[in-house]
Structures are given as structure tokens and as C-alpha cells.
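So the structure is just underneath, and the comments pick up after that.
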Amino acid sequence: AMVLATILRDRGDLAGAEELLRATLDAQRRVLPENHIDTVRSMAELGAVIRGAGRVDEAASIGAESVERARASSSAAHWRTGTVLLEYGR
């Protein structure tokens with residue numbers, strides 16, 4: 001789903017990317033541990049899509065939560081955690 005969401009975002013279909021990422025995030029939250037790195041990455045990507053749509057305050061909130069969860073993750077040394085931290089400059 002992340003790859004398709006990225007393609008949608010890159011093609012300018014931010015609404016489609018957001019819808020897909022929200023559905024993915026909902027599913028991940030149901031089946032994965034709270035701070036699982038895949039959930040954190042989906043959250044960070046959702047924030048990026050929302051930021052691209054001009055909803056900066058909402059994106060900042062999602063970005064802050066993704067950073068908090070990335071730091072709390074048992075996968076703190078995972079490269080995806082670094083990607084989240086790099087993307088949100090923390």
C-alpha cells in the first residue's frame with residue numbers, strides 16, 4: 001500500500017494517497033504493536049501527503065506523533081526510524 005500511495009502522491013492524487021494511507025494505518029493499528037515501525041512509517045507518509053495538500057497544522061501534529069512513536073519503537077535503530085526522524089527534522 002505504501003508504494004501505491006507514493007505513486008498516487010507523485011501523480012498529484014493527494015486525496016487518493018491520503019485515503020489509502022488512512023485505511024492502511026487503521027489496519028496496521030488493529031494488528032501491529034502500538035509503535036511498530038511500519039505503522040510509524042505509514043503515519044509519517046500520511047503526514048507528508050497532508051502537508052502536500054496544504055494542511056500544515058494537521059501534518060505537523062501527525063509528524064510529531066510519528067517522531068514520538070519512532071523514538072519509542074523497539075526498532076529505534078531501524079533505518080526506517082531514521083527516515084522518519086530525518087523527514088521531520090528531529
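Quick caveat, the model's predicted, so the values are computed rather than measured.
- The hydrophobic clustering, which links ILVMFWY residues whose side-chain heavy atoms are closer than 4.5 Å, places Met2 and Leu46 together.
- Here the CZ atom belonging to Arg22 is positioned 12.5 Å from the OG atom belonging to Ser42, to the nearest 0.5 angstrom.
- Among the candidates Ile37, Thr39, Val40, the single residue satisfying the side-chain contact (heavy atoms from CB on, under 4.5 Å) test with Leu32 is Thr39.
- Closest non-hydrogen pair, Asn35 versus Ala72, comes out as ND2-CB, 3.5 Å.
- The nearest pair of heavy atoms linking Ala5 to Ala17 is O-CB, 3.5 Å.
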Would Glu18 and Glu45 count as a side chain to side chain contact (heavy atoms under 4.5 Å, CB included) here? Give the steps. CA-CA 9 Å; Glu18 180 179 349; Glu45 183 64 25; over 6 Å; no
Intermediate values then yes/no, side chain to side chain contact (heavy atoms under 4.5 Å, CB included), Val3 and Ile7: CA-CA 6 Å; Val3 172; Ile7 291 169; 4.1 Å; yes
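- Few gaps surround CD on Glu58; more than 12 heavy atoms of other groups in view lie less than 6.0 Å from it.
- More than 12 heavy atoms of other residues, nucleotides or ligands sit less than 6.0 Å from atom CG of Asp26.
- Under a hydrophobic-cluster definition in which Ile, Leu, Val, Met, Phe, Trp and Tyr are linked whenever side-chain heavy atoms come within less than 4.5 Å, directly or via other members, Leu20 and Leu14 are assigned to different clusters.
- Of all heavy-atom pairs between Val49 and Arg9, the closest is CG2-CD, 3.9 Å.
- The backbone N or O of Glu34 sits less than 3.5 Å from a side-chain atom of Arg69, completing a donor-acceptor pair.
- Note on Leu25: it clusters hydrophobically with Leu21, by side-chain heavy-atom contacts below 4.5 Å among ILVMFWY residues.
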